[in-house]
Structure formats: C-alpha cells, structure tokens
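Here is the naming used below: chain letters follow the sequence lines, and residue numbers restart at 1 for every chain.
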There are 2 protein chains.
Amino acid sequence: MALEHAILVSLLEKPGSGYELARRFERSIGYFWTATHQQIYRVLKRMGSDGWIDVRDVPQQGRPDKKEYSVAGPGRDALRAWLQERTEPESVRHDLAVKVRGAAFGDPTALIGEVERHRKAHEDRLARYLAGRARDFPLPSADGAPDAEHELQHVVLRGGIAYERMMIAWLDDVLVTLAGFAAGR
Amino acid sequence: MALEHAILVSLLEKPGSGYELARRFERSIGYFWTATHQQIYRVLKRMGSDGWIDVRDVPQQGRPDKKEYSVAGPGRDALRAWLQERTEPESVRHDLAVKVRGAAFGDPTALIGEVERHRKAHEDRLARYLAGRARDFPLPSADGAPDAEHELQHVVLRGGIAYERMMIAWLDDVLVTLAGFAAGR
DNA sequence: GTCGCCATGTAAGGGGTTACATGATTCG
DNA sequence: CGAATCATGTAACCCCTTACATGGCGAC
C-alpha cells in the first residue's frame with residue numbers, strides 16, 4: 001500500500017523517470033522498500049491519471065527519450081494525509097528462519113552453505129550502505145538549524161545499517177548452532 | 001512461497017488443526033512468518049490434495065469438531081527438497097521508514113506519535129519473546145548430544161529478540177532525530 | 001444477554017512476481 | 001560482434017488482505 005507513497009517521496013527528493021525510480025529502488029530506497037520496473041510503470045500510470053504527478057517528455061541524444069515525473073499538488077496532499085494515518089508494523093517474512101527450524105527434520109549441517117550465502121549477501125549490502133554513508137553523510141551535523149531532508153535520510157540509512165549488522169550477528173549465531181550438530185556427535 | 005513449508009515445519013513439530021496453526025502463526029511462528037486463517041485453510045486444502053498431509057477428524061465435546069492435520073511422506077520429502085534449494089534474502093518493507101523520509105516534506109514533529117506507537121508495539125513483542133524464552137529455554141544447553149529441534153527453535157527465537165531490540169534502538173534514534181526539529185528552531 | 005473463544009470456510013479485489021516484448025547506443 | 005545500459009511497456013498468474021458467513025459453548 002505504500003509503494004505509491006514511496007514513489008512520491010522519491011520524486012519529491014528529485015524528479016525522474018520510471019527507469020530512474022527503478023534504479024533508486026535498487027539502491028537507496030531498497031533498504032526500506034523494494035519494487036520492480038513493471039510495478040513502478042503501472043503505478044506511475046495510475047498516479048498520473050489521478051493527478052498526483054505531472055509528466056514531462058524529455059528528448060535525449062544517444063539514449064531513448066524519457067518521461068520525467070514530478071509531484072503535483074494533489075500528490076503532496078496525498079502524502080501529507082498518509083503521514084497522518086496509522087499504519088501497523090509490517091509483518092516479518094524470513095525464509096531462512098523457516099529453513100532453520102525445518103532443518104530439525106532434515107540435516108541441520110546441510111544448511112550451513114545456504115546460511116553462509118545469506119551472510120555474505122548481508123555483508124555486501126552493509127558495505128554498500130557504509131560506503132553510501134561515507135559519501136553522503138561525511139560529517140556529524142553542525143549545530144544550528146538541521147536540514148530535515150538530509151537528517152531524515154541519514155536516520156533511515158542508520159536503520160538499514162543496524163538491520164544488516166543485526167542480521168550478520170544472528171547468522172553467525174545460527175552458524176555456531178549448526179556447527180554444534182556437526183561436532184556434537 | 002514459504003507458507004506451505006512453514007506449515008509443514010509447524011505440523012512436524014506438532015500436528016494440529018487449521019485454527020491451531022493460525023494461533024501458532026500469531027505466536028511462536030509469528031516472528032519469522034505470518035499468515036491468517038483464511039490463507040491457512042486454503043493452503044491446507046491444496047496440501048491435502050497434493051498428498052503432503054493427512055487429515056483426521058477429531059470429535060470434541062463442548063467445542064466444535066476439528067480436523068487434525070499431520071505431515072505425510074511426500075510432505076516430508078517436499079520440505080527436504082526445499083531445504084536444498086537456494087532462496088534469496090527476503091525484501092524488506094518498512095512503512096515507517098517511508099514515512100520518516102516523507103516527513104521532510106510535511107511536518108517531521110507530527111510523526112512522533114506514530115513512531116512512539118510503533119516503539120511500544122515492538123517493546124510488547126520483545127516482552128512476549130523474552131517471556132517465551134524464560135518459559136521454554138530456561139537453561140543453557142547442557143553438554144552432550146544437542147537436541148536439534150530445541151536448539152534450532154531457540155536460535156530462531158534469539159533472532160526475533162535481536163530484531164525487536166534493534167528496532168527499538170532504531171526508533172529511539174528516530175525519536176531523537178525528530179525531536180531535534182522541534183528544539184532546533 | 002452479550003462478548004469472547006473455538007472452528008471452518010467463501011468471495012472479491014488488490015498488489016507483487018515472472019515472463020514476454022522491443023529497440024537504440026556504447027563499450028570491450 | 002556480443003553484452004550491458006538506457007528506456008518503456010503488456011499479460012498471466014499467484015499470493016495476500018479484507019470482508020462476509022455460520023454456529024455452539026462458557027463466562028461475566
């Protein structure tokens with residue numbers, strides 16, 4: 001339900017095409033929401049016909065032309081209204097936890113490789129986030145009027161970093177537990 | 001895609017009815033997968049016709065009769081096969097992070113109440129998990145052959161606890177950041 | 001007598017994933 | 001000459017959520 005709102009936020013931060021939005025969802029937005037280009041194009045169409053966003057054709061040379069979207073008045077209003085609404089914490093879905101508990105009925109040690117793969121994926125993401133932080137948020141905020149957009153982007157990124165660190169530590173815990181079955185017999 | 005596998009794991013741990021499964025998804029299974037009774041009944045039907053599970057009618061007194069499901073051979077095989085498959089880390093979806101970043105284009109301080117609500121929800125869940133751990137996993141595992149089912153349930157629960165603690169700490173970070181806008185002008 | 005629990009479903013609609021489709025340009 | 005990037009879409013399918021539906025029993 002929040003995809004359209006995530007798109008509004010992203011377009012408010014910087015107008016762009018559907019393709020560019022898809023890339024942002026792979027990168028910075030990816031640590032709190034994901035979407036593929038198919039979804040994005042479909043939703044952009046609906047948002048356009050609802051008057052939430054404006055479209056501008058941008059001819060380009062050496063590349064296909066693109067449509068640049070930007071947030072219109074009603075889009076801003078829709079976002080403000082949604083910010084007031086209550087939303088419940090999202091439900092968690094972890095394949096890997098299902099597998100870990102399911103491993104009790106198969107071979108626990110056979111899961112080690114899979115856990116290591118996931119651990120590596122999380123470490124790669126953490127490294128990307130840390131690089132992004134070093135690039136975009138180099139200094140602790142100086143005193144004085146804080147810049148809302150910047151500060152809020154930063155605190156969300158800190159959340160992504162905390163999540164990846166938590167996952168890596170947990171996966172280490174899982175690996176130690178699984179290794180216990182290999183050694184303990 | 002893992003709902004049917006989560007049900008297999010739950011039924012292997014202990015056979016039960018659709019209603020009982022729904023309750024388990026609210027409780028212990030809830031920290032790594034969620035499902036409503038509507039979903040569960042539908043999937044149970046399909047799993048039954050695929051021969052993954054057996055059904056047994058259990059008449060009851062003072063309560064409606066129930067159907068008790070248990071895992072059949074092909075279900076066990078399906079779970080074992082799935083444990084071998086690669087699954088990619090689940091994509092994250094956090095409404096609240098979208099809102100935090102969107103607050104830059106509205107009133108950041110208006111979000112404080114919502115963040116506090118979420119914080120409380122996570123604290124409640126953490127308290128439930130800790131109570132569950134004290135009840136079900138009172139002692140550090142004694143030496144000797146570890147019990148796979150028990151150990152693996154415990155490590156998944158530790159993951160749930162780590163997740164809730166991480167979220168609470170992050171929400172505190174968000175609250176401090178949001179409060180900065182109220183004070184900083 | 002109403003509320004909550006136990007117990008099982010159907011139906012509609014919305015959102016997300018996967019596959020298919022096209023076509024130009026740049027880099028190795 | 002093939003692969004990757006830029007750029008935009010359609011179609012089918014599956015999963016999930018929300019609403020509707022029923023009905024007996026026990027507690028306050």
Side-chain angles (χ1 to χ4, degrees), chain A residues 1-7 15-27 29-30 32-50 53 55-69 82 85-95 98, chain B residues 1-7 15-27 29-30 32-50 53 55-69 82 85-95 98:
Chain A
M1 209 57 118
L3 173 56
E4 42 207 31
H5 301 106
I7 289 176
S17 68
Y19 186 87
E20 283 160 359
L21 283 169
R23 306 220 66 201
R24 292 183 208 169
F25 274 92
E26 277 171 14
R27 296 166 186 230
I29 306 178
F32 59 92
W33 207 268
T34 53
T36 58
H37 76 273
Q38 291 94 329
Q39 259 180 289
I40 291 167
Y41 285 122
R42 191 162 8 105
V43 173
L44 280 174
K45 192 178 248 182
R46 190 176 66 223
M47 291 168 78
S49 68
D50 289 350
I53 51 178
V55 198
R56 193 168 65 92
D57 280 312
V58 178
Q60 296 188 118
Q61 288 172 346
R63 302 174 168 200
D65 298 349
K66 66 177 183 180
K67 298 179 184 174
E68 195 182 74
Y69 295 93
W82 179 69
E85 277 173 37
R86 294 176 167 225
T87 44
E88 296 314 310
E90 294 283 318
S91 50
V92 184
R93 254 106 200 249
H94 286 302
D95 273 355
V98 180
Chain B
M1 210 55 118
L3 173 56
E4 42 206 31
H5 301 105
I7 289 176
S17 68
Y19 185 86
E20 282 160 359
L21 283 169
R23 308 220 66 202
R24 292 183 208 169
F25 273 92
E26 277 171 15
R27 296 169 186 226
I29 306 178
F32 59 91
W33 206 268
T34 53
T36 59
H37 75 273
Q38 292 93 330
Q39 258 179 290
I40 291 167
Y41 285 122
R42 190 161 12 99
V43 173
L44 281 174
K45 193 179 248 183
R46 189 177 68 222
M47 290 168 78
S49 68
D50 288 350
I53 51 178
V55 199
R56 192 169 66 93
D57 280 310
V58 178
Q60 296 188 115
Q61 287 171 348
R63 302 174 169 198
D65 297 348
K66 66 177 184 179
K67 297 180 184 174
E68 195 182 74
Y69 295 93
W82 179 70
E85 277 172 37
R86 294 176 168 225
T87 44
E88 295 315 307
E90 294 284 317
S91 50
V92 184
R93 254 105 200 251
H94 287 302
D95 274 353
V98 180

Taking the side chain of [X] as its heavy atoms from C-beta onward, which of [options] lies nearest to it?
| X | options | value |
| --- | --- | --- |
| H37(A) | dT18(C), dG9(D), dC6(D) | dG9(D) |
| R93(B) | dC16(D), dG9(C), dT17(C) | dT17(C) |
| Y19(B) | dC6(D), dT8(C), dT8(D) | dT8(C) |
| T36(B) | dT8(C), dT18(D), dT8(D) | dT18(D) |
| R42(B) | dG9(D), dT17(D), dT17(C) | dT17(D) |
| K45(A) | dT8(D), dT10(D), dT18(D) | dT10(D) |
| R63(B) | dG9(D), dC6(C), dT5(D) | dC6(C) |
| L3(A) | dG16(C), dC6(C), dT10(C) | dG16(C) |

Take the protein atom [atom1] of [X] and the nucleotide atom [atom2] of [N], then report the distance between them rounded to whole Å.
| X | N | atom1 | atom2 | result |
| --- | --- | --- | --- | --- |
| W33(A) | dG15(C) | CH2 | P | 11 Å |
| M47(A) | dG15(C) | CE | C1' | 15 Å |
| Q39(B) | dA19(D) | CD | P | 15 Å |
| I7(A) | dG16(C) | CD1 | C1' | 13 Å |
| Q60(A) | dT26(C) | CD | P | 12 Å |
| L44(B) | dC15(D) | CG | P | 14 Å |
| E88(B) | dT18(C) | CD | P | 10 Å |
| I40(B) | dT10(C) | CD1 | C1' | 16 Å |

Are the side chains of D95(A) and W33(B) in touch, meaning some heavy atoms are under 4.5 Å apart?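 Yes, close enough: below the 4.5 Å cut-off.
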
I7(B) versus Y69(B): any side-chain heavy-atom pair under 4.5 Å?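 No - every pair of side-chain heavy atoms lies 4.5 Å or more apart.
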
Can Q39(B) and L3(B) be said to form a side chain to side chain contact (heavy atoms under 4.5 Å, CB included), step by step? CA-CA 9 Å; Q39(B) 258 179 290; L3(B) 173 56; 3.5 Å; yes

When we call it a touch if two heavy atoms are under 4.0 Å apart, what does Q38(A) touch: a base, just sugar-phosphate, or nothing?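 Result for Q38(A) = base.
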
Closest heavy-atom contact between K67(A) and V55(A)?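 That closest heavy-atom pairing would be CB-CG1, 3.8 Å.
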
I'd like to know whether R56(A) forms a salt bridge (Lys or Arg N to Asp or Glu O under 4.0 Å) with E68(A), so could you lay out the CA-CA distance, the side-chain angles of the two residues, the decisive distance to 0.1 Å, and finally the verdict. CA-CA 5 Å; R56(A) 193 168 65 92; E68(A) 195 182 74; 2.9 Å; yes

Which sits closer to the 5' end of DNA chain C, S91(B) or D65(B), going by the nucleotide each is nearest to?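 The residue whose closest nucleotide sits nearer the 5' end is D65(B).
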
5' priority, DNA chain C, between A2(A) and R23(B) [closest heavy atom]: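 Residue closer to the 5' terminus by nearest nucleotide: R23(B).
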
For dT8(C), does either OP1 or OP2 sit under 4.0 Å from a side-chain N or O belonging to Y41(B)?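 So the side chain of Y41(B) is within the cut-off, an N or O lying under 4.0 Å from OP1 or OP2 of dT8(C).
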
